[in-house]
Amino acid sequence: MNSKHDMHSMRHSLAHITANAVQNLWPQAKFGVGPVIENGFYYDLDLGGITLSEDDFAKIESEMTKIVKQNQPFKQFNLPIDQAIEWAVKNKQQYKKELLNDLKRSGTTVAKDLDVQELGLESADDSKVDSVSFYQNGDFTDLCRGPHVEKTGDVGVFKLMRVAGAYWRGKVDNPQMQRLYGVAFKTQSDLDAYLQQLEDAKARDHRKLGKELDLYVTSPLVGAGLPLFTPRGTVLREKLAGYAEQLRKEAGFQRVSIPHITKTDLYKVSGHWDKFGDELFLVKSQETSDEFALKPMNCPHHNQIFAGRPRSYRELPLRYFETTTVYRDEKTGELGGLSRVRSITQDDSHVYCRRDQLETEVGVLIKNVQTLYRLLNMPLKARLSFRDKSDAYLGDESLWRIAQQVLSSLAVESKLESFTVEGEAAFYGPKIDFMATDALGREHQVATIQLDFVMPERFELEYTNETGNPERPVLVHCALLGSIERFLSVYIEHTAGWFPFWLAPEQVRVLTINDSVLDYAQKVKNEVAATVLAKPLRYNELRVGLDDRNETLGRKIRDAVEAKVPVIMIVGNKDAEAMQVSIRLRDKEEKVELTNLKSFLQHLV
RNA sequence: GCCCCGAUAGCUCAGUCGGUAGAGCGCAUCCAUGGUAAGGAUGAGGUCACGGGUUCAAAUCCCGUUUGGGGCUCCA
């Protein structure tokens with residue numbers, strides 16, 4: 001038995017022990033499912049009117065410890081399905097009964113919304129089930145396929161972490177159960193290491209750093225999910241968007257501009273009204289009876305620019321680009337920090353091209369994505385988000401097949417590390433969604449490239465081809481950063497706030513040692529401010545601050561380091577006399593002549 | 001939207017049994033004029049998120065709202 005499997009059994013057994021403990025404490029408890037998850041396990045519970053809170057954890061944990069100490073053996077046995085249902089009825093386990101009935105009726109097909117591990121099946125195929133498996137320890141019995149450790153004493157160390165609401169079988173209309181989460185490891189030191197990891201992640205949480213580094217604020221008067229960016233945060237937004245724009249310009253994109261409100265008619269044509277109408281912010285005119293909305297995406301508007309005059313095949317591909325904010329009335333419970341907001345700024349682009357230009361256009365965009373994330377030092381994976389067999393998608397199925405084929409072969413050609421997920425497509429077409437890996441190894445969805453044969457159809461976009469006949473263009477949506485807000489949440493945590501030199505809100509801070517060098521310090525500051533970086537942004541004027549407070553040097557250094565300013569320049573009498581500055585970088589110190597300062601800064605990475 | 005937990009000074013937090021508030025940091029003023037991660041002293045700052053209710057009395061108990069966090073569901 002390999003160690004992973006072993007850990008899995010331990011965590012799975014702990015899920016049972018958790019349920020066992022809960023049953024001892026609250027005998028009326030009804031149980032849902034209790035699978036193993038990353039680093040631990042959970043169990044879904046229904047305690048009637050009783051709600052658990054973290055205050056109950058100590059009590060539950062000590063009951064669990066009791067069971068562990070008794071070292072009860074886990075015994076496996078099978079029951080014919082009808083006897084299993086009788087067992088559920090007799091023990092008033094309505095959720096288990098529902099599962100068993102589904103299994104009896106149609107095997108795992110109906111119950112595939114649940115973790116197969118939790119179903120007491122001998123095999124997980126689609127056939128009907130005749131007999132199911134149970135595990136028993138002490139006086140606690142649960143429907144379960146296993147595997148388990150031999151005895152309750154073999155489960156390692158554990159800790160209950162949180163309790164949360166979860167809908168039975170993941171459906172909003174079902175009753176909501178209480179999901180009790182725990183983590184578990186073989187040894188105390190493994191658990192401690194994991195808890196330490198959580199602490200470390202907390203230290204670079206973008207919400208904490210956003211406040212500490214003065215990047216953005218929120219205001220109850222403005223509303224939830226509507227962050228306000230400070231001057232420092234705005235630098236990050238503009239420089240990142242500026243670089244994304246620079247890549248687009250190199251690829252032949254032109255900037256366009258659109259208003260932020262529109263008649264809702266636009267979305268009735270696009271199909272968004274039917275699918276996302278309840279997430280639109282509506283705007284009333286006091287002049288006309290027209291119904292307006294804040295734009296929740298940009299493609300329909302860009303489509304209207306395309307449709308603004310007749311188009312010839314000669315002018316394709318037409319490539320539009322814009323960094324602009326869209327507004328979505330996300331459910332309040334889903335908002336959080338910068339990762340999920342209601343004002344979403346996208347570096348959005350749309351290519352209108354002929355069918356035979358599609359591969360080239362998408363290929364260029366993939367290169368852009370690769371260039372950007374290489375610069376930001378984040379490894380990429382590509383998820384090919386394709387359709388499944390459901391009818392949630394618009395447009396002709398053969399077009400979908402072609403589009404998915406194009407994306408698959410481009411992924412190979414571009415040497416992307418890719419995988420395919422069916423059912424992740426947009427309603428109008430398949431996508432490549434790019435996942436970036438951050439410094440803690442977490443994956444985040446960032447850039448996206450989306451093929452669209454549907455919008456051009458619905459908006460009746462056309463151009464005149466070589467033979468004088470109208471033809472539909474293909475539409476390619478692409479965002480390199482995706483949502484700039486969400487991207488910032490990822491990137492702040494990736495860098496822990498230590499942004500690269502070209503991007504840092506305050507790139508240089510000049511510290512004075514005493515008042516007698518104020519003039520010289522000002523001169524140094526001016527020299528820095530007059531310096532322009534040409535890479536990776538083609539034009540990037542240096543941002544420099546001056547700390548001439550009446551404080552000790554030690555204090556000023558500490559403050560500059562805490563503000564994560566990458567270049568600290570120290571200016572005292574010795575420096576003024578020698579016409580030099582003492583430069584302190586993160587990993588080294590050196591003296592630079594004032595006359596060499598510009599070139600020194602331009603060569604920093 | 002649903003479930004759970006929070007909201008006390010600009011920030012991070014303490015505040016016991018219900019008796020109208022405290023620390024550190026920051027800020028201001030003064031002293032110290034300094035060479036690589038916190039110099040010293042003094043001082044100002046709070047309708048305890050907001051609105052109701054219970055009570056002789058509410059930061060504290062109850063209800064609602066706003067808002068933050070953890071999940072579920074959703075994500076063009």
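This is a predicted model, so every value here is computed, not measured. Below, chains carry the letters A, B, ... as their sequence lines are ordered, and counting in each starts from 1.
No engagement by A/S516 is indicated, since no non-hydrogen atom pair under 4.0 Å with the nucleic acid exists. Base engagement by A/D575 is indicated by at least one non-hydrogen atom pair under 4.0 Å involving a base atom. Among the atoms of the strands shown, none is found under 4.0 Å from any heavy atom of A/E562.
Nucleotides B/G15 and B/G69 place their P atoms 23 Å apart, quoted to the nearest Å. Here the separation of B/C75 from B/G6, taken at their C1' atoms, is 27 Å to the nearest Å. For the P atoms, the distance linking B/A41 with B/U66 amounts to 47 Å, nearest Å. Nucleotides B/C50 and B/A59 place their P atoms 11 Å apart, quoted to the nearest Å. To the nearest whole angstrom, the two C1' atoms, one in B/C4 and one in B/A38, are 40 Å apart. Between B/U8 and B/A14, the two C1' atoms lie 10 Å apart (nearest whole Å). Rounded to the nearest Å, the gap between the C1' atom of B/U16 and that of B/C25 is 26 Å. Between B/C72 and B/G22, the distance separating the two P atoms is 43 Å to the nearest Å.
In this structure, A/E54 places its CD atom 14 Å from C1' of B/C3, rounding to the nearest Å. Whole-Å rounding puts the A/R584 CZ to B/G35 P distance at 15 Å. Atom-to-atom, CG of A/N550 to P of B/C27 comes out at 13 Å; the value is rounded to the nearest Å. The interatomic distance linking A/I50 (CD1) with B/C4 (P) rounds to 13 Å, in whole Å. For the pair A/D559 CG and B/C25 P, the computed distance is 13 Å after rounding to whole Å. In this structure, the CG atom of A/L553 is 6 Å from the C1' atom of B/G35, given to the nearest Å. Between the CG atom of A/N514 and the P atom of B/C31 there is a distance of 17 Å, rounded to whole Å. Between the NZ atom of A/K591 and the P atom of B/U36 there is a distance of 10 Å, rounded to whole Å.
Residue whose closest nucleotide on RNA chain B sits further toward the 5' end, between A/E551 and A/G572: A/G572.
A side-chain N or O of A/S582 and one of A/K591 form a donor-acceptor pair less than 3.5 Å apart.
Between A/Y352 and A/Y320, the ring center distance clears the sub-6.0 Å criterion. No close placement of the A/H206 and A/Y491 rings is indicated, their centers lying 6.0 Å or farther apart.
Nucleotide B/C72 forms a Watson-Crick or G-U wobble pair with B/G1, both donor-acceptor distances falling under 3.5 Å. Pairing partner, B/U54: none, since no Watson-Crick or wobble contact has both distances short of 3.5 Å. Nucleotide B/U65 is matched to B/A49 when pairs are restricted to Watson-Crick or G-U wobble geometry with both distances under 3.5 angstrom. The pairing partner recorded for B/A41 is B/U29, the criterion being a Watson-Crick or G-U wobble arrangement whose two distances lie under 3.5 angstrom. B/A59 makes up no base pair with any nucleotide shown, lacking Watson-Crick or G-U wobble contacts both under 3.5 Å. Nucleotide B/U20 is matched to nothing when pairs are restricted to Watson-Crick or G-U wobble geometry with both distances under 3.5 angstrom. Across all strands shown, B/A9 forms no Watson-Crick or G-U wobble pair with both key distances under 3.5 Å.
With hydrogens and angles disregarded, no donor-acceptor distance shorter than 3.5 Å links the side chain of A/D547 to the backbone of A/L511.
Shown here for A/Y267 and A/A293, the closest heavy-atom pair between the two residues is CE1-CB, 4.3 Å. The minimum heavy-atom distance linking A/D575 with A/V581 is given by the pair OD1-C, 4.0 Å.
In this structure, of B/U33, B/G39, B/C27, it is B/C27 that holds the atom nearest to the side chain of A/R549.
A syn orientation is assigned to B/G45, its glycosidic angle lying within 90° of 0. With its glycosidic angle more than 90° from 0, B/C13 adopts the anti conformation.
Scanning for side chain to side chain donor-acceptor pair (under 3.5 Å) contacts around A/E330 gives A/R340, with sequence neighbours left out.
Between the side chain of A/T552 and the base of B/G35, no donor-acceptor pair under 3.5 Å is found. Between the base of B/G35 and the side chain of A/N573 there is no donor-acceptor pair shorter than 3.5 Å.
Taking only side-chain nitrogens and oxygens, A/K556 never comes nearer than 4.0 Å to OP1 or OP2 of B/G35. Contact between the side-chain N/O atoms of A/R558 and the OP1/OP2 oxygens of B/C25 is not found at any separation under 4.0 Å.
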* Tell me, with the steps shown, if A/Y327 and A/F281 meet ring-ring contact (aromatic ring centres under 6.0 Å, His included). => CA-CA 7 Å; A/Y327 303 88; A/F281 283 109; 7.1 Å; no
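Both tests pass for A/R179 against the ring of A/Y42: distance under 6.0 Å to the centre and angle within 45° of the axis.
Shown here is A/E38, whose CD atom has no more than 12 heavy atoms of other residues, nucleotides or ligands within 6.0 Å.
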* Along nucleotides 66-76 of chain B, 5' to 3', which nucleotides get a B, which get an S, and which get a -, given that the test is a protein heavy-atom distance under 4.0 Å? -> -SSSBBBBBBB
